[in-house]
S.K.: 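Please see the structure below; I have some questions.
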Amino acid sequence: MERYNFKIIERKWQSYWIKNKSFKSLINKNQKKFYCLEMFPYPSGNIHMGHVRNYTIGDVLARYKKMQGFNVLHPMGWDSFGMPAENAARQNNLDPKNWTEKNISKMREQLKMLGLSIDWDREISTCSPSYYKHQQKLFLELYDKGLVYRKENYVNWDPVDKTVLANEQVIDGKGWRSGALVERKKLNQWFFNISKFSDQLLDGLEKLDSWPNKVKVMQKNWIGKSFGCEIPFTVEGNKEIKEIKCFTTRPDTLFGLSFLAVSIDHPISKFYEDDKEFINFKKLCSKSGTTEEALAQAEKIGFKTKLLAQNPLDNNLKVPVYFANFVLMDYGFGAVFGCPAHDQRDLDFALKYNLKIKTVVKPQEENENFEVTTQAYTGPGKLFNSNMLNGLNAPEEAILKTIELLENKKKGNKKINFRLKDWGVSRQRYWGCPIPMAYDKKGNVIKIPENQLPVLLPEKINLKTNGNPLDQQDNWKTVTIDGKIYKRETDTLDTFVDSSWYFLRFCSSDNENHGFDTEEVNYWMPVDQYIGGIEHAILHLLYSRFFMQSISFKNDNFNINEPFSGLFTQGMVCHETYKDQSNNWISPDEITTDDNKNYFKKDDPKEKIIVGPVESMSKSKRNVIEPEKMIEKYGADSIRLFILSDSPPEKDIQWSDQGMLASYKFVQKLWGLHCKIKSILDDDKNYSNSEAEEKITKFTHQLIQKITNNLEKFNYNVIVANLYEMYNFFNKILSVKMNKEVIKENFVHILKLISPLMPHLAAESLEQLKIENKNEWPEPIEKYLKDDNIVMIVQINGKKRMSINTKVDIIQDELITSIKNTEYYNKNYADKKIIKTIFVKNRLINLIVK
RNA sequence: GCCCUCGUGGUGAAAUUGGUAGACACAAAGGACUUAAAAUCCUUGCCGCUUGCGGAGUGCCAGUUCGAGUCUGGCCGAGGGCACCA
């Protein structure tokens, strides 16, 4: 048997596909399209196993859909702006552009080694002016629509990366990339008005049937819609402060009012700017706001003002007003009314400052002596101690009635609030898309005119300075518009902007005049299947959805509201972690094992290795397997097969050397099967064996059906198992001599089933068998899907007692007769009476006997 | 604290959606071939009695059903998301 030489064969087919532009896709309105997209990579240097998994899953789908006759768009590009380039450049005194381009060409070659069915003609790179010039135009378009604005705002300042972070980029009070504690800083920033579309973004989720529920729930929570009421509280104690507006979801508990609490950034704070005690209090708050400990403990502290707020439903009820650290300025109005009895947070505060606790909601079964002391009651019940509200059912009925009452008295309004905040997109960074804006001497904003776009990044600049490098480029900063001199905006756009519309660019990637061609976009969009990591569940996916909303806004030619009709989130690739005795991470390459499965350092066999938990592959933990090395050792088809086997694609997969080897061996075995069949076909003799021929045909068609179903459901790991079964079956039955044409016909089907997973081997085998490859997905033939004989399960009183091999579609009476003829039945149940029969056709029979 | 998801052999996992639990693979043990090793192939897989069969069995406890890994309720455990959101 000839050994499968993947090195030669894989290279041969890869260059064949490239040369023949086998995966080039052109708009064709007579053909159904399928847009298959995997999240594009950041060009960090080398592809990693996560990419292999992501792109293999996508490639299987793209190839399958193409074989099914779809016009498949399957492009690839580079998310190539961002801080790693800038950091690497800073550290090694390089140019970010060169660094990025080098990485791209390296990774492009590595991706090509995987044999992906990519239309490389559509390749894009977000750091290229030919991409970001369109992004600048888009920015101005959104600006004209009023969806972009500038405001001074507290920002999350990352002191290590020296940049502003979006709320989503702050994790546990730390920068998502640097891990540094985030500080509060006031800066002028550009914002996208994403919150304008809160409702659409929320409602749109309902229609995304092919999205994982998990992602939809996460986005829903992130948008955070809540229904309630705004109440302006009349305030006395300072002539200049007439009222303080609060938002509440529980207006029904208004008679439990005990205090008002406002944020330290609330507009009324300006009246306390000179108050030393208030200044100290503010300091205390900002301290506790940034330390991790305080975030966890979250002790509630307040600063009492001399103001008194009036209960709008009872003018005689007056309560103190506090500044409090737990009130956020950027939610609602930055002010809340405290009802300690029915809100745990308010209760904690009331207990600390000895404030009144008045219970106004009691559970249905309690009487009017019910009283809250240390545990707030937030459940349903009846209102009491509440004057005209007494007897109402809390929460729903009471809330609606109270709002009605307040509206009638003009003391409040129904209000819906969202947690979603506008997206701050300014970054004080060099390696990003320049914001196409400028300022005159007074600081007034002016757009860079379209004929002066793109605003190119200056090249060859010094990055070894603190702060924003662009701010120090005096030449670059100065711009002449209509003969007048302006200063450019020196901030660049958050890189999440780059990835919010790249899928549109792919539809017409070479269009120089427009970011996307409307006709092309209307044909290809939406993306039918988007595939990527769960880590983008909120940020990238929500921003992309916002972009579609904002492009559609006031635009009759574009009404794609959802970019991705299908979403699949694949799991991570994991590996065991290793440490040496001095607690240093050790790479799997540096380890050997002895007979007792103990691990040792390769270059110091005395040093025992401590095996740690299985974690997702990361450079920092050094538990990384390099895809390129694996491809060189085992070939692309083997690594594709392994990455699909073992675990369902949505779950994490654990890298295993044995598993990788097993996949490699299976590829070799398949080739062995090919060789065996080729030699049968090349033989002059032919045979006939109708039983075996029928068997092989039935098996094949049933397999077509199974694999097709499993492809539709992303059960790729099961497909691998199906193929193992196929090999076992074929290998066995081929020892029987039968008609050559039957073998050939069925094996061609098999090769087509294999080709989305192992495209090189399938292509080579088809060629060697001299099959004209029409690249069509096989259709199962109905008559072969049924077996003549079937195993019926016989249960007696609900327990499996035997199985009977019988003809298919046997009817109940016939089956019972043959059961009664069995030795087993006569031995054990001859004297029993059948009182009930449950018969499931072609599956089982359950006899209830007495 | 709130929300979501998941608990099946030594391991990764299958299970036509309520109908043979453990397909397929990894690992292990035993065997075959071999001078030997590698490779390859076969067998075994929890508890009983010798094969065959019987029994228990899908985190735990109940329920619905002729029949539950699958449905319902409660509990336990793991993972993930959000976190002073008023």
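From a predicted model like this one, the values you see are computed outputs, not experimental measurements. Because only heavy atoms are used, hydrogens play no part in the values below, and waters and symmetry mates are left out as well, while side chains stay in. In what follows, chains carry the letters A, B, and so on, assigned in the order in which the sequence lines appear, proteins first and then strands, with residues in each chain numbered from 1.
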S.K.: Judged by atom type as modelled, is there a donor-acceptor pair below 3.5 Å linking the side chain of A:D652 to the main-chain atoms of A:G571?
M.R.: no
S.K.: Taking 4.0 Å as the cut-off, does a side-chain nitrogen or oxygen of A:Y724 come that near to OP1 or OP2 on B:rA25?
M.R.: no
S.K.: So, is A:K665 near the phosphate of B:rA25, with a side-chain N or O under 4.0 Å from OP1 or OP2?
M.R.: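 Looking at the OP1 and OP2 atoms of B:rA25, neither is under 4.0 Å from any side-chain N or O of A:K665.
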S.K.: Between the main-chain N or O of A:I301 and the side-chain N or O of A:N325, is there a donor-acceptor pair closer than 3.5 Å?
M.R.: yes
S.K.: Determine if the base of B:rU35 is syn or anti; take syn to mean the glycosidic torsion is within 90° of 0.
M.R.: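 Anti.
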S.K.: Once each nucleotide of nucleotides 63-71 of chain B is scored for protein heavy atoms under 4.0 Å, what B/S/- sequence comes out, 5' to 3'?
M.R.: ---B-----
S.K.: Determine, for nucleotides 1-13 of chain B in 5'-to-3' order, which nucleotides have protein heavy atoms under 4.0 Å from the base (write B), from only the sugar-phosphate (write S), or from neither (write -).
M.R.: --S--------SS
S.K.: Send over the distance from A:M660 CE to B:rA27 C1', rounded to a whole Å.
M.R.: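 These atoms are roughly 18 Å apart.
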S.K.: Does A:H342 reach the main-chain N or O of A:Y377 with its side chain, forming a donor-acceptor pair under 3.5 Å?
M.R.: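 Judged by distance alone, yes, a pair lies under 3.5 Å.
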S.K.: Applying the side chain to side chain contact (heavy atoms under 4.5 Å, CB included) test to A:P780, which of A:I704, A:T700, A:L703 qualifies?
M.R.: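 Of the listed options, the one satisfying the test is A:I704.
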S.K.: Respond yes when some side-chain nitrogen or oxygen of A:R801 is under 4.0 Å from OP1 or OP2 of B:rG55, and no when none is.
M.R.: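 Affirmative; the distance criterion is met.
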S.K.: Using a 4.0 Å heavy-atom cut-off across all strands, classify A:K799 as base, sugar-phosphate, or nothing.
M.R.: sugar-phosphate
S.K.: The side chain of A:K800 is closest to which nucleotide in this list: B:rA23, B:rA86, B:rA21?
M.R.: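 For A:K800, the side-chain atoms sit closest to B:rA21.
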S.K.: Where each residue is assigned the nucleotide of RNA chain B containing its nearest heavy atom, which of A:S656 and A:G224 is assigned the position nearer the 5′ end?
M.R.: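 Taking each residue's closest nucleotide, the earlier one in sequence belongs to A:S656.
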S.K.: Verify the contact: side-chain N or O of A:R419 to OP1 or OP2 of B:rA83, cut-off strictly under 4.0 Å; return yes or no.
M.R.: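 Result: yes.
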S.K.: Can a salt bridge be assigned to the pair A:K225 and A:D199 using a cut-off of 4.0 Å between side-chain N and carboxylate O?
M.R.: yes
S.K.: When you compare B:rG57 with B:rC47, how far apart are their C1' atoms, in angstrom units rounded to a whole number?
M.R.: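 After rounding to an integer number of Å, I get 10 Å for this pair.
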S.K.: Donor-acceptor pair, distance only, cut-off 3.5 Å: does the side chain of A:N846 make one with the backbone of A:G798?
M.R.: yes
S.K.: Given the C1' atoms of B:rG79 and B:rA25, what is the spacing between them in whole Å?
M.R.: 25 Å
S.K.: Name the nucleic acid region contacted by A:S803, choosing base, sugar-phosphate or nothing; use a 4.0 angstrom heavy-atom cut-off, strictly under.
M.R.: nothing
S.K.: With a 4.0 Å cut-off on heavy atoms, is A:Y824 in touch with a base, just the backbone sugar-phosphate, or nothing at all?
M.R.: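 Sugar-phosphate contact only.
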S.K.: Applying the side-chain hydrogen bond (donor to acceptor under 3.5 Å, both in side chains) test to A:R250, which of A:T248, A:D252, A:T253 qualifies?
M.R.: A:D252
S.K.: When you measure from the side-chain N and O atoms of A:N842 to the phosphate of B:rG19, is any distance below 4.0 Å, counting only OP1 and OP2?
M.R.: no
S.K.: Which whole number of Å gives the distance between the C1' atom of B:rA14 and that of B:rA23?
M.R.: 5 Å
S.K.: Considering all heavy atoms of both residues, which atom of A:L201 and which atom of A:R545 are nearest to each other, and what is their separation?
M.R.: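 Closest approach of A:L201 to A:R545: O-NH2, 2.6 Å.
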S.K.: Tell me: CG of A:N710 to C1' of B:rA15, nearest whole Å?
M.R.: 11 Å
S.K.: Measuring only the P atom in each nucleotide, how far is B:rC53 from B:rG67? A whole number of Å is fine.
M.R.: 25 Å
S.K.: Taking the same atom, C1', in B:rC6 and in B:rA86, what whole-Å distance lies between them?
M.R.: 33 Å
S.K.: Tell me: CG of A:N828 to C1' of B:rG54, nearest whole Å?
M.R.: 11 Å
S.K.: Verify whether one side chain among A:E576 and A:Y578 offers a donor that lies under 3.5 Å from an acceptor in the other.
M.R.: yes
S.K.: Would you check, one step at a time, whether the test side-chain contact (heavy atoms from CB on, under 4.5 Å) holds for A:L542 with A:L420?
M.R.: CA-CA 11 Å; A:L542 192 63; A:L420 182 66; 4.0 Å; yes
S.K.: Looking at B:rU16, does its base get a donor-acceptor pair with the side chain of A:R843 below 3.5 Å?
M.R.: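 Such a pair is found, so the answer is yes.
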S.K.: What distance do A:M726 atom CE and A:L673 atom CG have between them, rounded to the nearest 0.5 Å?
M.R.: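 Answer for the CE-CG pair, A:M726 versus A:L673, is 6.0 Å.
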S.K.: Within 45° of the ring axis of A:W222 and under 6.0 Å from its six-membered ring centre, is that where the NZ or CZ of A:R419 lies?
M.R.: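 Because its charged atom sits under 6.0 Å from the ring centre and within 45° of the axis, A:R419 does stack over A:W222.
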S.K.: How should the glycosidic conformation of B:rG9 be described, syn or anti, under the criterion that syn lies within 90° of 0?
M.R.: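 B:rG9: syn glycosidic orientation.
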S.K.: Using a heavy-atom cut-off of 4.0 Å across all strands, would you classify A:F247 as base, sugar-phosphate, or nothing?
M.R.: base
S.K.: Map every base of RNA chain B to its dot-bracket character, where paired means a Watson-Crick or G-U wobble contact with both distances under 3.5 Å and | marks a partner outside the strand.
M.R.: (((((((..(((......[....))).(((((.......))))).((((..))))...(((((..]....))))))))))))....
S.K.: Just by modelled atom types, is the A:Y824 backbone N or O under 3.5 Å from a matching donor or acceptor in the A:N828 side chain?
M.R.: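 Yes; judged by distance alone, with no hydrogens or angles, the pair exists.
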S.K.: Nearest nucleotide by nearest heavy atom, which residue falls closer to the 5' end of RNA chain B, A:V336 or A:A721?
M.R.: A:A721
S.K.: Can you measure A:N325 atom CG to B:rC85 atom P for me and round it to whole angstrom units?
M.R.: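 The answer, rounded to whole Å, is 12 Å.
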S.K.: Rounded to the Å, how far apart are A:Y664 OH and B:rA38 P?
M.R.: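 So the OH-P distance, A:Y664 to B:rA38, works out to 19 Å.
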S.K.: Checking all strands, does A:V327 fall into the base, sugar-phosphate, or nothing category for heavy-atom contacts under 4.0 angstrom?
M.R.: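 A:V327: base contact, heavy atoms under 4.0 Å.
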S.K.: Once you apply a heavy-atom cut-off of 4.0 Å, does A:D348 come out as touching a base, just sugar-phosphate, or nothing?
M.R.: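 The answer is nothing, as A:D348 stays clear of every strand by at least 4.0 Å.
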S.K.: Quick check for you: among B:rC85, B:rA23, B:rC26, whose closest atom lies nearest to any side-chain atom of A:A662?
M.R.: B:rC26
S.K.: CH2 of A:W671 versus P of B:rU40: gap in Å, rounded?
M.R.: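 Distance, rounded to whole Å: 19 Å.
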S.K.: Give the rounded distance in Å between these two atoms: OH of A:Y716 and C1' of B:rC24.
M.R.: 19 Å
S.K.: Is there a side-chain contact between A:F227 and A:L400 (heavy atoms, below 4.5 Å)?
M.R.: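 They are in side-chain contact.
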S.K.: Of all the choices, B:rA14, B:rC82, B:rG19, which nucleotide is nearest to the side chain of A:W222 once you look at every atom?
M.R.: B:rC82
S.K.: A:I223 CD1 to B:rC82 P: how many Å, rounded?
M.R.: 14 Å
S.K.: For residues A:M758 and A:S663, determine if any side-chain heavy atom of one lies less than 4.5 Å from a side-chain heavy atom of the other.
M.R.: no
S.K.: Work out how far the C1' atom of B:rC76 is from that of B:rA27, and round it to whole angstrom.
M.R.: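 30 Å, rounded to whole Å.
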S.K.: Please give the distance between the C1' atoms of B:rA62 and B:rA68 as a whole number of Å.
M.R.: 14 Å
S.K.: Can you tell me how far P in B:rG77 sits from the matching atom in B:rC26, rounded to whole Å?
M.R.: 36 Å
